[in-house]
Amino acid sequence: MAKHNILLCFLAVFCFALTSDATTYMVGDTSGWDIATDIDSWASDKIFKVGDVLLFQYSSYHSVSEVSKQSFDSCNTTNTLTTFSNGNTTVTLSKPGARYFVCGNRLHCLGGMKLQVDVQDDQANSTVGAPQAQPGAALPQPSSKSNNPSTVIPTSNGFVIGGTGLFVIPFLSLIATMLILVKI
């Protein structure tokens, strides 16, 4: 009976791992959060879901402010919900609905440096396993136009946390447990 309980525990862990498929999107891909980046084009082919993470990378000339729709439409950079200026900002999309982000420099916002994200509710997946920003966590350096172009920065097309990558460890753990149980 104990063998069956252990097997069921590993099976439960394996099933939970299958439901965690949040994606981390690097805003602007290799160009980052920058006035020269066409943010609207970057976002146009993306489907954002609850649990996904936005990674903003930017120089000291910029910041990221989350704002209301009214502030977004008028590029009001003084009435913000939250503001970040550390050069590497992660924002977890924790609930469905529209989210609005602008550069703290109003002229940059008026120049198109703003992002509207429509977050879809993903009922099939739980946010329990969604990645969270860790204080002091090491992130890639902010992108700037003076960076070495040979530096490889991951793009949102292949920068996935979860998904099929989570199949391997639970599957190997399940196989190892089964082999141990067969020998006992």
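- When side chains are defined from C-beta on, L93 counts as touching R99, because their heavy atoms get closer than 4.5 Å.
- Two residues are said to be in side-chain contact when any heavy atoms from C-beta on lie closer than 4.5 Å; I39 and V27 meet this criterion.
- Side-chain atoms of S85 and Y58 form no donor-acceptor pair, as typed in the model, at a separation below 3.5 Å.
- Separating the CG atom in L54 from the OG1 atom in T23 is a distance of 11.0 Å, to the nearest 0.5 Å.
- Residues T83 and S65 bring a donor and an acceptor atom of their side chains to less than 3.5 Å of each other.
- Checking side-chain atoms of S74 against main-chain N and O of Q70 turns up a donor-acceptor pair under 3.5 Å.
- Closest non-hydrogen pair, S63 versus F84, comes out as CB-O, 3.1 Å.
- Under the 6.0 Å cut-off for aromatic ring centres, F72 and F101 do not qualify, their centroids lying 6.0 Å or more apart.
- The structure places CG of L115 at 11.0 Å from OH of Y100, a figure rounded to the nearest 0.5 Å.
- Distance check: K114 NZ to W33 CH2 gives 10.0 Å after rounding to the nearest 0.5 Å.
- Heavy-atom minimum distance, V50 versus V119: N-CG1, 3.5 Å.
- Rounded to the nearest 0.5 Å, atoms CG (N88) and CD (Q57) are 5.0 Å apart.
- For the two cysteine residues C75 and C109, the thiol sulfurs sit under 2.5 Å apart.
- Scanning all heavy atoms of the two residues, the minimum distance from I47 to D52 falls at O-OD2, 3.9 Å.
- Counted by atom type alone, Q116 and D118 present one or more donor-acceptor pairs between their side chains at under 3.5 Å.
- With hydrogens and angles left out, the side-chain atoms of S44 and S41 include no donor and acceptor closer than 3.5 Å.
- For H62 against C103, the heavy-atom pair with the smallest separation is ND1-SG, 3.6 Å.
- Taken from CD in E66 to OG1 in T89, the straight-line distance is 11.5 Å, to the nearest 0.5 Å.
- Using bins of under 30°, 30° to 60° and over 60° for the plane-to-plane angle, the ring pair W42/Y25 lands in the perpendicular bin.
- Listed here is the closest heavy atom pair of N79 and V67: O-CG1, 4.0 Å.
- For the residue pair S31 and T37, the shortest heavy atom distance occurs at CB-OG1, 3.2 Å.
- T78 and N76 share a donor-acceptor pair across their side chains, judged by distance under 3.5 Å alone.
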